[in-house]
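Worksheet for the structure shown next.
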Amino acid sequence: MSEKRTEISDLGEFGLIDRLNEKVVIKNRSSLKGIGDDAAVIDAGDHVKVVSTDLLMEGVHFDLSYAPLPHLGFKAVAVNVSDIAAMNAVPKQITVSIALSNRFSLEAVEALYEGIYAACDHYGVDLVGGDTTASRSGLAISITAIGEAKKEQISYRSGAKENDILCVTGDLGAALVGLQILEREKQVFLANPDMKPDLEKYTIVTGRQLRPDARMDIVHELAEMEIVPTSMMDISDGLASEIFHICKASGVGATIYEDKLPIDKQTFDTAVELNLDPITCVLNGGEDYELLFTIDQKDFAKLEKHPDIHFIGHITKASEGKFLVTKSGTAVQIKAQGWKHF
Ligand code: ADP
Ligand code: MG
């Protein structure tokens with residue numbers, strides 16, 4: 001009798017998570033939101049706690065031949081804070097778990113923690129625990145972040161409704177383009193170790209890849225303006241993929257406009273230099289850690305002049321599908337390529 005074997009790559013990351021989630025039965029009334037959003041939401045009486053966790057693996061998520069350890073420490077915190085921001089909540093505590101191979105010295109661990117402490121200061125969070133273990137296959141860093149919000153302030157992926165305006169913060173595609181540059185310079189260096197990497201022209205894109213900043217500034221500004229996004233998530237897998245998540249969770253469609261998509265000049269120029277289509281980088285590049293959110297039309301006037309929020313389209317009926325209107329006015333269906341781990 002042969003045992004059944006299904007490849008994870010046939011399911012994909014999201015297929016696997018859906019499959020695991022099928023058998024979960026929530027037992028506690030305080031578990032307000034479980035698997036399926038940027039963070040879980042837990043009732044804490046007069047407010048809610050939000051909890052998110054992320055695991056970074058050497059060789060999968062980072063390459064120590066070009067990722068400086070302090071940057072890596074900062075990034076490991078920032079990506080978790082970004083998931084708390086994506087719920088419209090404020091991060092308060094983190095725990096940090098590391099698995100270390102014997103390649104790591106005390107000095108190396110301290111360099112990693114220099115970035116972790118810097119991020120704790122930057123985001124106003126306390127490091128309250130973690131775990132330390134040995135590893136046979138490189139460095140792994142797992143961080144859990146805990147945040148707080150008023151219950152009515154939480155933005156789920158599921159709240160977008162027809163005619164809401166789709167917004168993104170900052171600019172997109174930079175982290176993917178930065179990664180391509182770092183990989184290119186690594187290959188140049190491996191071929192000729194005397195060559196000094198030529199990275200000066202590319203500091204914006206490489207900086208976004210190596211040390212992204214979570215958009216807590218936007219969460220605080222939205223609170224000051226008394227705006228609660230109808231839905232929100234962070235852009236970790238690419239804009240197209242995240243639009244699919246919001247549309248699926250909310251039961252809606254979306255139309256976005258190519259000429260509204262934010263791209264930095266350095267990202268654009270570097271993409272062209274690398275023979276990449278800049279718009280494809282914006283749609284499918286991962287790891288920018290900007291926020292994608294929807295607002296009710298009544299809130300538009302309050303945000304209209306914001307220098308770092310871009311209005312890229314609007315929410316439609318689910319039956320209208322998901323479309324990108326190109327600069328020439330053609331509507332093309334959006335495909336959720338995103339970032340594939342498997
Ligand atoms: P993000 O990109 O925002 O970090 P993910 O795509 O990693 O979110 O995860 C989507 C959802 O699935 C989240 O609610 C997350 O907590 C949950 N999840 C991911 N992996 C697992 C797992 N192995 N077991 C249970 N839940 C998981
Ligand atoms: Mg997220």
Side-chain angles (χ1 to χ4, degrees), residues 1-26 31 33-40 51-63 75-76 79-80 82-83 86 97 99 135-144 156-158 160 172-173 175-177 179-180 182-183 209 212 231-254 256 276-277 279-290 292 318-324 332-342:
M1 197 178 86
S2 66
E3 268 187 42
K4 190 176 169 215
R5 182 187 156 89
T6 310
E7 300 303 329
I8 302 289
S9 55
D10 292 341
L11 280 163
E13 179 186 350
F14 301 128
L16 173 63
I17 296 170
D18 285 347
R19 175 88 176 218
L20 298 174
N21 194 18
E22 276 167 22
K23 300 236 166 72
V24 174
V25 182
I26 296 288
S31 305
K33 176 78 198 178
I35 293 172
D37 217 300
D38 292 281
V51 181
S52 175
T53 196
D54 261 301
L55 172 62
L56 300 184
M57 286 294 296
E58 182 177 353
V60 178
H61 299 99
F62 58 88
D63 183 332
K75 178 173 179 173
V79 302
N80 277 280
S82 182
D83 276 324
S97 300
S135 157
R136 283 175 218 270
S137 57
L139 174 65
I141 311 166
S142 173
I143 297 191
T144 298
Y156 293 99
R157 294 179 181 181
S158 55
L172 299 174
L176 170 68
V177 169
L179 180 63
Q180 304 305 316
L182 291 164
E183 286 288 343
Q209 169 58 223
S231 69
M232 182 148 67
M233 66 182 297
D234 70 335
I235 304 177
S236 52
D237 291 337
L239 177 65
S241 165
E242 318 305 18
I243 285 177
F244 265 70
H245 282 306
I246 287 206
C247 287
K248 187 176 175 203
S250 299
V252 296
I256 62 172
L276 297 170
D277 172 29
I279 292 301
T280 305
C281 295
V282 167
L283 289 172
N284 297 327
E287 295 201 286
D288 283 309
Y289 298 102
E290 296 292 344
L292 169 69
S319 59
E320 288 176 46
K322 294 171 274 289
F323 284 95
L324 168 76
V332 290
Q333 212 151 5
I334 302 173
K335 292 193 199 80
Q337 292 203 316
W339 216 218
K340 292 271 174 291
H341 294 296
F342 298 105

**Request:** Compare every heavy atom of A140 with every heavy atom of L55, then report the nearest pair and how far apart it is.
**Result:** CD1-CB, 4.3 Å
**Message:** If I compare all heavy atoms of C281 with all of L276, which pair ends up nearest, and what's the gap?
**Reply:** SG-CB, 3.9 Å
**Fill in**
All heavy atoms of N80 vs all of D54, minimum pair found to be OD1-N, 3.3 Å
**Message:** Using 0.5 Å steps for rounding, measure from the NE2 atom of H61 to the CG atom of L139.
**Reply:** 12.5 Å
**Which atom of K335 lies closest to which atom of A240, heavy atoms considered** = O-CB, 3.4 Å
**Asked** When rounded to the nearest 0.5 angstrom, what is the spacing between OG in S236 and CG in L292?
**Response** 11.0 Å
**Item:** Inter-residue atom distance S52.OG - D234.CG, 0.5 Å rounding
**Value:** 8.0 Å
**Asked** Hey, are the side chains of L239 and L324 touching, using non-hydrogen atoms and a 4.5 Å cut-off?
**Response** no
**Asked** So, does D288 use its side chain to make a donor-acceptor pair with the main chain of A175 at under 3.5 Å?
**Response** yes
**Message:** Could you report the tightest heavy-atom contact between I26 and S31, atom names first, then the distance?
**Reply:** CG2-CB, 3.7 Å
**Request:** Starting at NE2 of H245, measure out to CZ of F14 and round the result to the nearest 0.5 Å.
**Result:** 3.5 Å
**Request:** For residues S250 and R157, determine if any side-chain heavy atom of one lies less than 4.5 Å from a side-chain heavy atom of the other.
**Result:** no
**Item:** Exercise: identify the closest heavy-atom pair between A318 and G251
**Value:** CB-O, 3.7 Å
**Request:** Could you tell me whether the side chain of T53 and the main chain of I143 form a donor-acceptor pair under 3.5 Å?
**Result:** yes
**Message:** Any side-chain to backbone donor/acceptor pair from D83 onto A39? Under 3.5 Å, distance only.
**Reply:** no
**Prompt:** When you measure from the side chain of D237 to the backbone N and O of G286, does any donor-acceptor pair fall under 3.5 Å?
**Reply:** no
**Pairwise distance CD(E242) to CD(E290) - rounded to 0.5 angstrom** = 12.0 Å
**Request:** Report the distance from atom CE of M233 to atom CG of D37, rounding to the nearest 0.5 Å.
**Result:** 7.5 Å
**Asked** Has the side chain of E287 got a donor or acceptor atom that lies under 3.5 Å from a matching backbone atom of Q209?
**Response** no
**Prompt:** Under 3.5 Å, is there a donor-acceptor pair between the side chain of S241 and the main chain of N284?
**Reply:** no
